[in-house]
Amino acid sequence: MAENGTDCDQRRIGMSKEQHNGNFTDSSMLSERKRREREERLNIVLWKKPLVTLQYFCLETLINLKEWTIKLWRRRGVLACVVLALAVLTALYYIEGAHQQYVRYMEKKFFWCAYWVGLGILSSVGLGTGLHTFLLYLGPHIASVTLAAYECNSVNFPEPPYPDQIICPDEETAEGSISLWAIISKVRLEACMWGAGTAIGELPPYFMARAARLSGAEPDDEEYQEFEEMLEHAETAQDFASRAKVAVQNLVQKVGFFGILACASIPNPLFDLAGITCGHFLVPFWTFFGATLIGKAVIKMHIQKLFVIITFSKHIVEQMVALIGAIPSIGPSLQKPFQEYLEAQRIKLHHKSDSAVPQGENWLSWIFEKLVIVMVCYFILSIINSMAQSYAKRLQQKMYSEEKTK
């Protein structure tokens, strides 16, 4: 790895100046130009330049579709095998027979796992920003299972309707018979699939950095450029953020598999830097992805599950509601909607849909639904803005190439 780092330093020094019309352009002027171009791209957003942003978004979408079509055509043999496999599976799905019970079971499990893997990918890949699917989907799901388990004294929720709707089983169970491990086991599949999705979402920074290093070309990604600047100024870093980034880079570079595992096993907003570091120093794919998958889908997810389950255990929730009521002046008014919401959930869990439901039961649900809508809309807007800015970057690079050839 040290030799790779030395080669990288030599390459950066060699590219610090660039030939332009037979003369060398000063590196400070080049940096200033990149800064101005970046500011221009950041101004291409829907709320500032809606028409330009939508136009660039559509053009970038067409370019990406063209590139994907070309890539698929180059791998038409693999594509043909995939299409053939899908045709066989489709035939098995529609042909009647004794195998249908297994087909239906596998269909249900496949879509359930794919749903959580997709949410995990959305959480980490981002396309400019991450959709916080743990807070919006997985966390509330674990919380609802936990509350239901303590209320029902069981995790034997019938399927169907679970997981679409949790209803307590009919058999009587002893009070306090539910265990923490039983709840962990009940949500393990969903949590591990979500964690695997987050691990898959960390692959783009790795592949981008690896491709840039192997090709020796000027990096096209701004995060990668910031990473190279960080390497240049690693010894002089003073602020906490820069030192934290350098510490993550050193841990991954020197410790290898276990360093990546340590970074992936804890909530770490700098983990994208670990992916870029691994790609830059040509860490083998399975070393990076294996450590990331174990860290995120096994270790980290059990830590997060444990935290949510303990937080939403019956006695903790009752204590939190009691503490809310103890707040001077506004406590009782704040406590009431929480109590009504919990009571409404108990009614639903025990099949008492015809019972009187408190009028304030939808207060928290209404807020949560609006929060989900706002975050999903922001995520979609960020994708549009990010793709529009990518097209603007294409135009700037094309202009720069034309200037060099004049």
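Numbering of residues begins at 1 and proceeds along the displayed sequence.
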Identify, with sequence neighbours excluded, every residue that meets side chain to side chain donor-acceptor pair (under 3.5 Å) alongside [X].
| X | value |
| --- | --- |
| Glu39 | Arg35 |
| Lys49 | none |
| Asn64 | none |
| Arg104 | Tyr93, Gln100 |

Side chain to side chain contact (heavy atoms under 4.5 Å, CB included) partners of [X], counting only residues at least two apart:
| X | value |
| --- | --- |
| Gln304 | Phe134, Trp194, Lys300, Met301 |
| Tyr115 | Trp112, Leu119, Tyr137 |
| Leu46 | Thr53, Leu54, Leu381, Ile384, Asn385 |
| Ile303 | Ile299 |

Nearest heavy-atom pair of [X] and [Y]: which atoms, and what distance?
| X | Y | answer |
| --- | --- | --- |
| Ser154 | Asn156 | OG-N, 3.0 Å |
| Cys192 | Ala297 | SG-O, 3.3 Å |
| Lys48 | Asn43 | NZ-OD1, 3.2 Å |
| Gly139 | Val308 | O-CG1, 3.8 Å |
| Gly295 | Ser265 | CA-OG, 3.4 Å |
| Val283 | Arg210 | O-NH1, 3.5 Å |

* Counterpart residues, ring-ring contact (aromatic ring centres under 6.0 Å, His included), relative to Tyr206 (two or more places apart) -> Phe288
* To do: May I ask you to check whether over 12 heavy atoms, not counting those of Phe285, lie within 6.0 Å of atom CZ?
  => yes
* **Over 12 foreign heavy atoms within 6.0 Å of CH2, Trp47** => yes
Calculate, to the nearest 0.5 Å, the distance between atoms [atom1] and [atom2] belonging to [X] and [Y] respectively.
| X | Y | atom1 | atom2 | result |
| --- | --- | --- | --- | --- |
| Thr69 | Lys71 | OG1 | NZ | 11.0 Å |
| Ile294 | Phe289 | CD1 | CZ | 10.5 Å |
| Leu62 | Tyr391 | CG | OH | 9.5 Å |
| Ile310 | Leu180 | CD1 | CG | 6.0 Å |
| Leu72 | Leu79 | CG | CG | 5.5 Å |
| Ile260 | Phe258 | CD1 | CZ | 11.0 Å |

* Asked: Checking side chain to side chain contact (heavy atoms under 4.5 Å, CB included) for the pair Ile44/Glu40: CA distance, chi angles, key distance, verdict?
  -> CA-CA 7 Å; Ile44 302 177; Glu40 290 175 3; over 6 Å; no
* Do the side chains of Val145 and His141 get nearer than 4.5 Å, heavy atoms only? -> yes
* Asked: Is it the case that Arg188 places NZ or CZ above or below the six-membered ring of Trp181, under 6.0 angstrom from the centre and within 45 degrees of the axis?
  -> yes
* To do: Using modelled atom types only, decide if a donor and an acceptor are shared between the side chain of Lys296 and the backbone of Thr198 within a distance under 3.5 Å.
  => no
* Just one of Gln55, Arg394, Gln389 clears the side-chain hydrogen bond (donor to acceptor under 3.5 Å, both in side chains) bar with Glu60, so which one? -> Arg394
* All pairs passing salt bridge (Lys or Arg N to Asp or Glu O under 4.0 Å) where residues 73-89 contributes a residue, at least two apart -> none
* **Criterion side chain to side chain contact (heavy atoms under 4.5 Å, CB included) on Glu190 and Ile142, from CA distance to verdict** => CA-CA 9 Å; Glu190 299 92 313; Ile142 297 174; over 6 Å; no
